[in-house]
Amino acid sequence: MIQIRKIEQLQLKLPLTSPFETSYGILTEKAFDLLIIEDELGNQGVGELVSFQQADYIEETIDMSRLIIKNELIPLLTMSPIKEPFEVQRRLTKVQGNFMAKAALETAIWDLYARRKNVSFREIFKSTKTELAVGISLGIHTDSAKLLKQARMYVSQGYTRLKLKIKPDYDIEPLTLLRKEFPHLLLMADANSAYTLKDLPVLLKLDRLNLAMIEQPFNQRDFIEHAYLQKQLKTPICLDENIRTLNDVKTAHTLGSCRGINLKIPRVGGIAEALSIVTFCREHNLTVWLGGMFESGVGRCLNIQFASQNDFTFPGDISASDRYYYDDIIKNKACLTDGKLAVPLGKGNGAVLDQEKIERYCYKKELLFS
Ligand code: OSB
Ligand code: MG
């Protein structure tokens with residue numbers, strides 16, 4: 001039985017190596033929290049809260065997550081001892097939505113549980129892979145010379161799949177350019193909900209570019225519109241913002257809204273839900289791959305461990321630490337070697353926290369439970 005003795009919240013801001021532009025804006029630094037949970041034996045687990053400061057990607061913002069964590073989730077979590085981590089998911093279902101808030105705590109408990117048992121996540125997930133081929137997510141670059149330069153650099157570093165952020169009037173041209181430059185590369189586009197059915201002619205043109213997938217063209221509740229579009233495209237649609245639960249995956253599959261799922265552990269409320277989505281995708285022939293949220297080293301280690309499961313064959317949005325951060329907060333930074341990322345060997349999520357870096361970038365600490 002895990003008895004929670006202490007929950008601490010560290011609020012950090014890490015500068016990005018370069019600004020990242022999407023259809024909803026430009027990001028220059030990433031705000032996130034670390035939730036550190038301690039048990040009665042002094043073991044610790046850490047989870048990352050990844051929600052954004054604005055409600056543009058999905059509705060949950062980091063301020064909302066913090067409020068829900070403090071007022072609703074921690075009372076449920078600390079009410080009585082916890083037997084095993086799947087219990088956390090069941091306890092937290094009383095609270096509607098707020099998946100990123102739930103995931104921050106749930107993944108911290110998984111980490112604590114694994115470290116306490118002296119096992120790594122990859123052992124728990126029965127992964128056999130020790131290294132992963134990964135893809136890069138490229139922001140909007142309206143200067144095509146800069147776009148090509150960036151793309152060539154990442155491909156030469158060994159990224160095996162390239163995803164370009166698109167928006168209306170920034171789509172066919174840059175994607176055609178990339179397709180010409182890399183005729184055989186796994187190339188895809190992510191629209192972050194920026195299109196509507198009125199844009200059908202453009203989307204039909206994208207269908208000729210031999211893209212691996214088109215990610216989230218329409219709004220986050222548009223299951224029916226995505227199904228209508230998928231019927232007219234040979235390119236698989238992949239859903240991101242639409243998918244918060246296993247039930248959303250079932251809805252998408254039943255309606256034919258997509259053929260692939262960008263799975264982000266935080267967007268679906270944690271590891272337990274993510275595992276059930278992986279199983280459903282395997283059984284129903286949906287391509288599932290691991291997405292990213294500009295995670296710091298903590299979330300990145302979790303993502304790498306999760307994506308080391310044999311069900312993941314399509315390269316995820318999992319990059320080396322230096323793709324976004326020159327000063328990441330873990331000691332065992334992720335590096336590309338021969339185009340692959342090594343799966344961390346340590347216990348739990350495998351992250352080795354760099355306390356000095358954490359102190360440097362942490363601007364607020366709060367003891368949420370003791
Ligand atoms: O839509 O997949 C997305 C980052 C933040 C929010 C949404 C998305 C993304 C990315 C980058 O595409 C993923 C990453 O490399 O971390
Ligand atoms: Mg996306």
Side-chain angles (χ1 to χ4, degrees), residues 14 16-32 48-62 65 99-100 103 132-141 150-151 154 157 159-167 171 187-195 211-220 222 226 236-244 248 252 257-258 260-268 287-304 306-307 314-325 328 334 336 341:
L14 260 187
L16 293 186
T17 46
S18 56
F20 192 98
E21 183 173 350
T22 64
S23 59
Y24 46 73
I26 302 176
L27 194 76
T28 56
E29 61 176 4
K30 177 71 169 76
F32 63 96
E48 180 167 339
L49 173 63
V50 303
S51 21
F52 290 118
Q53 290 173 291
Q54 271 95 36
D56 42 20
Y57 165 67
I58 60 170
E59 57 277 29
E60 186 178 348
T61 68
I62 192 158
S65 311
F99 301 102
M100 294 183 175
L132 310 179
V134 288
I136 191 93
S137 175
L138 263 189
I140 290 170
H141 291 78
Q150 290 281 313
Y154 288 120
Q157 285 176 9
Y159 290 97
T160 51
R161 189 226 64 204
L162 205 153
K163 159 170 138 180
L164 181 69
K165 294 288 187 180
I166 58 169
K167 63 179 179 180
D171 39 38
L187 177 67
M188 59 184 289
D190 184 359
N192 285 113
S193 312
Y195 294 80
L211 301 177
M213 292 181 197
I214 298 176
E215 183 171 330
Q216 196 70 38
F218 300 153
N219 191 260
Q220 57 171 10
D222 292 354
H226 280 118
I237 292 175
C238 155
L239 291 180
D240 174 353
E241 285 90 326
N242 267 78
I243 306 298
R244 316 302 173 83
D248 288 334
S257 314
C258 66
I261 304 289
N262 170 335
L263 179 58
K264 296 180 185 174
I265 298 166
R267 204 198 52 231
V268 302
T287 304
V288 65
W289 59 279
L290 205 95
M293 287 290 290
F294 307 126
E295 281 86 352
S296 81
V298 169
R300 181 188 319 280
C301 279
L302 165 67
N303 287 346
I304 297 175
F306 198 85
F314 190 83
D317 281 344
I318 312 173
S319 43
S321 304
D322 66 3
R323 189 266 178 267
Y324 293 121
Y325 305 112
D328 203 348
L336 271 183
L341 285 185

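Numbering starts at 1 and runs along the sequence shown. Both counts, for ligands and for their atoms, begin at 1 and track the order of listing.
The line from CG of L132 to CG of L336 is 10.5 Å long, rounded to the nearest 0.5 Å. Note that CE of M213 and OG1 of T287 are 4.5 Å apart. Values are rounded to the nearest 0.5 Å. Interatomic distance, H141 NE2 to F20 CZ, rounded to the nearest 0.5 Å: 8.5 Å.
Ligand 1 has E215 within reach: a non-hydrogen atom of the residue lies less than 4.0 Å from it. The closest approach between a heavy atom of R323 and any atom of ligand 1 is not below 4.0 Å.
Here K30 does not pair with E48 in a salt bridge; the nearest charged N to carboxylate O distance is not below 4.0 Å.
With a 4.0 Å heavy-atom cut-off, ligand 1 is reached by the side chain of N192 but not by its N, CA, C or O. Neither the backbone nor the side chain of T22 has any atom closer than 4.0 Å to an atom of ligand 1 (non-hydrogen atoms only).
Which of G299, G292, G139, S23 comes nearest to atom 13 (C) of ligand 1 through a heavy atom is settled by distance: it is G292. Atom 11 (C) of ligand 1 has its nearest heavy-atom neighbour, among S137, S319, G135, in S137.
Residue D190 has at least one nitrogen or oxygen atom sitting less than 3.5 Å from a nitrogen or oxygen atom of ligand 1, judged on distance alone. For ligand 1, the polar-atom distance check against E241 finds no nitrogen or oxygen pair separated by under 3.5 Å. Here's the thing with K163: one of its N/O atoms is less than 3.5 angstrom from an N/O atom of ligand 1. Considering backbone and side-chain N/O of F52, none are found under 3.5 Å from N/O of ligand 1. Distances between N or O atoms of K264 and those of ligand 1 include at least one value under 3.5 Å.
Distances from the Mg ion (ligand 2) show that D190 has an N/O/S atom below 2.8 Å. Coordination check, D240 versus the Mg ion (ligand 2): passed, since an N/O/S atom of the residue sits under 2.8 Å.
Set against the non-hydrogen atoms of Y24, the atoms of ligand 1 under 4.0 Å away are 6 (C), 7 (C).
For the pair S23 (side chain) and A191 (backbone), a donor-acceptor distance under 3.5 Å is present. A distance-only check finds a donor-acceptor pair linking the side chain of Y325 to the backbone of F294 [under 3.5 Å].
Among the candidates E215, K165, Q216, the single residue satisfying the side-chain hydrogen bond (donor to acceptor under 3.5 Å, both in side chains) test with N192 is K165. None of R323, R161, K264 except one satisfies the side-chain hydrogen bond (donor to acceptor under 3.5 Å, both in side chains) rule with D317; the exception is R161.
Between Y57 and Y24, the ring planes lie tilted relative to each other; the angle falls in the 30° to 60° range.
Residue-level check: among N/O/S atoms of E215, OE2 sits closest to the Mg ion (ligand 2).
Looking only at heavy atoms of the protein, atom 16 (O) of ligand 1 is closest to F294 N, 3.0 Å. When hydrogens are left out, the protein atom nearest atom 15 (O) of ligand 1 is Y324 OH, 2.7 Å; that is the closest non-hydrogen contact.
Side-chain contact between R244 and Q220: present, with at least one pair of heavy atoms (C-beta onward) separated by less than 4.5 Å.
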